[in-house]
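Residue numbers start from 1 in every chain, and the chains themselves are labelled A, B, ... in the order their sequence lines are given, proteins ahead of strands.
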Amino acid sequence: MSNIKPSLAKGTRDFSPAEMVRRNYIFDTIKTVFRKYGYAEIQTPAMENLQTLTGKYGDEGDKLIFKILNSGDFLKDPKKRGFDFAAEENSNKLTPLISEKALRYDLTVPFARYVVMHQNEISLPFKRFQVQPVWRADRPQRGRYREFYQCDADVVGSDSLLNEAEFACIYDEALRTLGLRDYTIKLNNRKILSGIAEMIGKPELIIDMTVAIDKLDKIGLDGVSKELLERGFSPSDLDMLKPVILLQGDNTTKLDSLKSVLSSSETGQKGIEELQTVLQYIERLQPALTNEIVELDITLARGLNYYTGCIFEVKTNEVAMGSIGGGGRYDDLTGMFGLKGLTGVGISFGADRIYDVLEELNLFPDAASLGTRVLITNFDVASEDFALPLLSRLRQAGISAELYPAAAKLKKQFAYADAKGIPYVLIVGSEEIQSGKPAVKNMVTGEQEHRSIVELIEMLKGD
RNA sequence: GUGGUUUUAGCUCAGUUGGUUAGAGCGCCUGAUUGUGGUUCAGGAGGUCGUGGGUUCGAGCCCCAUAUUCCACCCCA
């Protein structure tokens with residue numbers, strides 16, 4: 001066995017016990033809110049058939065899918081089919097011959113596959129949530145990993161805009177429960193963007209238009225104008241676009257101005273109506289949300305091309321960080337798997353980014369109450385004999401307890417408790433065994449006193 | 001995929017134009033304290049300088065390749 005230096009695969013991370021406590025706190029909070037709104041959890045495999053995933057995320061996305069090499073002699077198949085290694089310029093045509101499986105790239109496409117495969121068992125509307133890792137062969141950066149967790153909630157088979165409104169509430173409730181105080185839930189509608197493109201008379205350039213104006217807060221109006229010109233828009237198009245992009249005021253004001261600007265576009269009007277309905281629903285569900293936190297943002301485009309209606313994006317205003325969540329409606333979610341006419345709408349929380357935000361704002365609750373509550377020190381065989389039944393009694397009472405596994409020096413045992421953040425240490429030496437009252441030391445205050453076992457259990461339970 | 005950047009002790013980082021034996025803080029271990037952590041004091045261990053080549057009398061420092069970290073694009077959670 002050669003001496004290999006241990007290292008992590010690029011863009012992946014280990015999670016220590018302390019980190020897991022915090023990550024689970026985030027996951028549990030989000031899951032609890034999902035359940036509260038009627039979403040049920042599912043899981044799908046880490047790997048899917050490559051065919052299931054390719055072509056769903058665009059050319060860029062396909063490149064970022066982690067493929068799994070076939071087992072055995074994976075070159076056998078291309079050889080048998082007469083694959084001409086010398087003639088092919090790149091490996092694209094070889095890929096399907098040597099790889100049949102890939103790691104999931106997101107949770108939405110596997111969910112669509114799930115719905116189609118289980119259509120006879122599920123009843124519509126079907127509301128599911130899913131918290132699992134996804135993998136992307138992207139170049140890692142801060143807040144950007146090759147393995148990261150998505151927390152998705154989607155509903156299929158309901159075109160009601162109540163779903164959209166409830167997602168805004170879910171975002172609000174989860175983020176508020178996690179301790180965030182200043183965040184914005186941005187809302188837009190793909191139909192409005194289509195309407196704008198129609199208005200200019202260049203509906204075919206909608207993707208180019210949205211990609212460019214999505215960058216407004218990043219590169220400013222001048223940057224956006226420059227990019228629009230590069231992408232095939234004329235200066236007169238820009239004159240028509242500018243007032244729309246720079247729309248100011250509260251949500252009602254924005255919608256009113258859009259109504260007149262997009263009066264010629266049926267699609268645009270539809271989008272405005274949808275947003276109005278969503279905002280009305282939110283107002284009745286959670287009046288504090290409207291205008292305070294939910295903000296209509298025409299420049300919000302999001303990369304995914306399959307959104308057809310409402311689009312969400314959530315940003316925190318307390319820390320400089322990319323979006324911590326996003327989502328939207330996609331008509332015909334399952335069409336790619338042969339099940340037509342099913343509409344879906346969903347959102348996603350970026351748990352890894354939320355972690356960074358909570359850490360920066362110091363919002364994680366004290367982890368001390370979650371680990372071992374009490375450590376029993378170990379002197380010798382006699383003290384072990386006394387400690388073992390006590391250990392069981394403590395655990396039966398629901399108290400997380402440990403006996404130090406060796407008769408090490410007390411100094412070492414105390415240092416262990418200290419390093420692990422265990423708040424109480426029991427000392428059971430010969431005196432304590434005789435009296436039946438262990439000494440209990442509070443590691444925070446340093447106080448130490450003798451307690452009967454009954455008193456001890458009461459104290460540790462109540463605390 | 002494009003351009004830059006980082007890598008030296010367990011961790012965070014110094015290290016002069018290329019020149020003896022590569023340093024600090026924190027952490028770790030031992031003792032002061034045979035029944036007491038966190039504070040204090042004394043002592044100690046720990047480094048193929050990311051990896052592989054090259055230049056040189058001599059390389060942590062210069063050159064090439066490669067991996068890795070972080071950053072800006074592209075894109076995205």
Over how many whole Å does the gap from A/Tyr145 atom OH to B/C71 atom C1' extend? 14 Å

Rounded to the nearest Å, what distance is computed from the NZ atom of residue A/Lys218 to the P atom of nucleotide B/A72? 8 Å

Let's go through A/Glu48 and A/Lys101 carefully: what are the C-alpha distance in whole Å and the side-chain angles of both, what is the deciding distance for salt bridge (Lys or Arg N to Asp or Glu O under 4.0 Å) to 0.1 Å, and is it a yes or a no? CA-CA 6 Å; A/Glu48 293 278 349; A/Lys101 297 172 293 298; over 6 Å; no

Report yes if the distance between the aromatic ring centroids of A/Tyr355 and A/Phe364 is under 6.0 Å, otherwise no. yes

Touch class at under 4.0 angstrom, heavy-atom based, for A/Lys409 against every strand present: sugar-phosphate

Would you kindly give the CG-to-P distance between A/Asp138 and B/U69, to the nearest whole Å? 13 Å

For a quick check, with a 4.0 angstrom heavy-atom cut-off, what is the B/S/- contact string for nucleotides 36-45 of chain B, read 5' to 3'? BBB-------

Centroid distance under 5.5 Å and plane angle under 30°, A/Phe148 vs B/A77: yes

Taking any heavy-atom pair under 4.0 Å as a contact, classify A/Gly61: base, sugar-phosphate, or nothing. nothing

How far, in whole Å, is B/G58 from B/C73 if one measures between their C1' atoms? 43 Å

What's the gap between B/U40 and B/A59 when it is taken at their C1' atoms, as a whole Å value? 43 Å

Can you measure A/Tyr57 atom OH to B/A77 atom P for me and round it to whole angstrom units? 11 Å

If each of A/Gly11 and A/Lys215 is mapped to the nucleotide of RNA chain B with the nearest heavy atom, which maps nearer the 5' terminus, i.e. the 5' end? A/Gly11

Member of A/Leu180, A/Leu363, A/Leu175 meeting the side chain to side chain contact (heavy atoms under 4.5 Å, CB included) criterion with A/Val357: A/Leu180

Rounded distance (Å) that lies between atom P of B/U34 and atom CG of A/Asp380: 16 Å

With A/Arg13 as the cation and A/Tyr145 as the aromatic partner, state whether NZ or CZ is under 6.0 Å from the six-membered ring centre and within 45° of the axis. yes

In whole angstrom, give me the gap between the P atoms of B/A14 and B/A24. 16 Å

What is the separation between atom CD1 on A/Ile207 and atom P on B/C76, rounded to the nearest whole Å? 10 Å

Take A/Glu227 and A/Leu8, find for each the nucleotide of RNA chain B with the closest heavy atom, and name the residue whose nucleotide sits nearer the 5' end. A/Leu8

Taking 4.0 angstrom as the limit, do A/Glu432 and A/Lys437 come out as a salt bridge? no

Find the distance between CZ (A/Phe233) and CE (A/Met209) and round it off to the nearest 0.5 Å. 6.0 Å

Looking at the rings of A/Phe167 and A/Tyr37, which for Trp means the six-membered one, are their centres under 6.0 Å apart? no

d(NE2, A/His450; C1', B/G35) in whole Å: 11 Å

Taking the C1' atom in each of B/C74 and B/G15, what is the distance between them to the nearest angstrom? 39 Å

Using the C1' atom in both, what is the distance from B/C62 to B/C49, to the nearest Å? 16 Å

Check this for me, if you would: do A/Glu173 and A/Lys36 make a salt bridge, where the nitrogen-to-carboxylate-oxygen distance has to be below 4.0 angstrom? yes

Here the helical stems involving RNA chain B, each at least 3 consecutive Watson-Crick or G-U pairs closer than 3.5 Å, sorted by first residue number, are B:1-4 with B:70-73, B:10-13 with B:23-26, B:28-32 with B:40-44, B:50-54 with B:62-66

Strictly by modelled atom types, are A/Thr299 and A/Asp217 linked by a side-chain donor-acceptor pair under 3.5 Å? no

Which value, in whole Å, describes the distance between the P atoms of nucleotides B/A32 and B/U16? 42 Å

Give the ring-plane orientation class for A/Phe34 versus A/Tyr39, where under 30° counts as parallel, over 60° as perpendicular and anything between as tilted. tilted

Is it true that A/Glu447 and A/Lys441 have a side-chain N and a carboxylate O under 4.0 angstrom from each other? no

Answer yes if the ring centres of A/Tyr404 and A/Phe379 are under 6.0 angstrom apart, and no otherwise. no

Distance between P atoms of B/G18 and B/G60 (Å, rounded): 13 Å

Using the ring of A/Phe15 (Phe, Tyr or Trp, six-membered ring only), decide whether A/Arg23 places NZ or CZ under 6.0 Å from its centre and within 45 degrees of its axis. yes

Of all the nucleotides listed (B/C70, B/G35, B/C74), which has the minimum atom distance to the side chain of A/Pro140? B/C70

Check nucleotides 3-13 of chain B against the protein and report each pair of N or O atoms closer than 3.5 Å, with its distance, or say if there are none.
| from | atom 1 | to | atom 2 | distance (Å) |
| --- | --- | --- | --- | --- |
| B/G3 | O6 | A/Arg139 | NH1 | 3.3 |

Span that lies between the C1' atom of B/U51 and that of B/G47, in whole angstrom: 16 Å

Name the nucleic acid region contacted by A/Ser323, choosing base, sugar-phosphate or nothing; use a 4.0 angstrom heavy-atom cut-off, strictly under. sugar-phosphate

Base, sugar-phosphate or nothing for A/Gln413? Non-hydrogen atoms, less than 4.0 Å. nothing

In this structure, how many angstroms lie between the C1' atom of B/A77 and the CG atom of A/Leu300, rounded? 14 Å

